[in-house]
Amino acid sequence: MGRPPCCDKSNVKRGLWTPEEDAKILAYVSNHGTGNWTLVPKKAGLNRCGKSCRLRWTNYLRPDLKHDGFTPQEEMLIINLHAAIGSRWSLIARRLPGRTDNDVKNYWNTKLRKKLMKMGIDPVTHKPVSQVLSDLGSISTLPNTNNQMNFVNNDSINNTVPAATEPSGSHYSSITVNASANKNTREDQVHSWEHQVR
DNA sequence: AAGGATGGCAACCGCGGAATG
DNA sequence: GCATTCCGCGGTTGCCATCCT
């Protein structure tokens, strides 16, 4: 048995939020705070999924959110953090007061990715596209046809930051990333990066 | 002016992890 | 230890506005 749905999707409203619904969430949260989101729609008088309410609050209604455009400083920070830790949007967003992971993710996907590509930088590896292409070329000319499987099965990969997120040789900073890549050390990497850029 | 293409943002989906009983 | 519940995350989709032909 899998996990049951959090709400009856067929009887729940979806799509864009109305100002009335926003007002109900705001009123409820200001009176009760953000507690059990599954109870919020019932108590706030909303015909919405609790998860949907939480998303609306965290991505749009929170009073500490900025709704204006990203500054060049924020832009630079996103690019550098993405180079250091990859698409860990929530971690990146935590370094940007007033921004949500959704904001950062959307901004990256719609603006920054294209901007980097225009500059001739691969947005995944943060290396020049020419270098990425030559790397690919040298991989594909290797005689062993099991290269991919060898790469995936290589135990050492578990202790190594994936090349895609490796910032060494990055064009934004001279950060070095240590070998272990679990959640905590990624956070540590962000801290150490912040220390270095100051 | 019309309508197709593109950009930008909001919202949804499904999964994994943490918390709890 | 296991099942259940909730939360948070990243990827994806849908919709609306604007641009282009």
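Chain naming here is simple, since letters A, B, ... match the order of the sequence lines and numbering starts at 1 in each. Note that the structure is predicted; figures quoted are calculated from it, not measured.
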>> Before you tell me yes or no, could you show the steps for A:E21 and A:K13 under salt bridge (charged side-chain N to carboxylate O under 4.0 Å, His left out), namely the whole-Å CA-CA distance, both residues' side-chain angles and the distance that decides it to 0.1 Å?
In response: CA-CA 11 Å; A:E21 289 175 313; A:K13 191 185 169 200; 3.3 Å; yes
Between [X] ([atom1]) and [N] ([atom2]), how many Å, whole number?
X: A:L55; N: B:dC9; atom1: CG; atom2: P; value: 16 Å
X: A:L16; N: C:dT13; atom1: CG; atom2: P; value: 18 Å
X: A:K115; N: B:dG7; atom1: NZ; atom2: P; value: 16 Å
X: A:R113; N: B:dG7; atom1: CZ; atom2: P; value: 11 Å
X: A:N36; N: C:dC6; atom1: CG; atom2: P; value: 6 Å
X: A:R88; N: B:dG16; atom1: CZ; atom2: C1'; value: 12 Å
X: A:K51; N: C:dG8; atom1: NZ; atom2: P; value: 12 Å
X: A:W89; N: C:dC9; atom1: CH2; atom2: P; value: 14 Å

> With A:W17, which of A:L55, A:L61, A:I25 fulfils side-chain contact (heavy atoms from CB on, under 4.5 Å)?
Replying inline: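 Testing A:W17 for a side-chain contact (heavy atoms from CB on, under 4.5 Å) against A:L55, A:L61, A:I25 leaves exactly one candidate, A:I25.
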Does [X] have a side-chain nitrogen or oxygen under 4.0 Å from the phosphate oxygens OP1 or OP2 of [N]?
X: A:R94; N: C:dC9; answer: yes
X: A:R48; N: B:dC12; answer: yes
X: A:R54; N: B:dA11; answer: no
X: A:R56; N: B:dA11; answer: yes
X: A:S87; N: C:dG11; answer: yes
X: A:T38; N: C:dC6; answer: yes

> Between the side-chain atoms of A:K114 and the base atoms of B:dG7, is any donor-acceptor pair under 3.5 Å?
Replying inline: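 There is none.
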>> As an exercise, state the distance from CG of A:N102 to OH of A:Y60, rounded to the nearest 0.5 Å.
In response: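 So the gap between those two atoms works out to 13.0 Å.
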> Atom CG of A:N31 and atom OH of A:Y28: how far apart are they, to the nearest 0.5 Å?
Replying inline: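 Going from the CG atom of A:N31 to the OH atom of A:Y28 covers 9.5 Å.
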> Going by heavy atoms closer than 4.0 Å, what residues in residues 99-111 of chain A are next to DNA chain B?
Replying inline: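 A:N102, A:N106, A:T110, A:K111, in order of number.
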> Hey, does A:S52 reach any base, or is it just sugar-phosphate, or nothing, if we go heavy atoms under 4.0 Å?
Replying inline: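 Sugar-phosphate, backbone atoms only, no base.
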>> I'd like to know if A:K66 and A:D68 make a salt bridge, using a cut-off of under 4.0 Å between side-chain N and carboxylate O.
In response: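 A salt bridge is absent here (no side-chain N lies under 4.0 Å from a carboxylate O).
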> Under 30°, 30 to 60°, or over 60°: which ring-plane class applies to A:W108 and A:W89, parallel, tilted or perpendicular?
Replying inline: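 Geometry flag for A:W89 against A:W108: tilted rings.
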>> Please determine whether salt bridge (charged side-chain N to carboxylate O under 4.0 Å, His left out) holds for the pair A:K115 and A:E75, giving the CA-CA distance in whole Å, both sets of side-chain angles, and the decisive distance to 0.1 Å.
In response: CA-CA 11 Å; A:K115 202 170 182 176; A:E75 198 172 285; 2.4 Å; yes
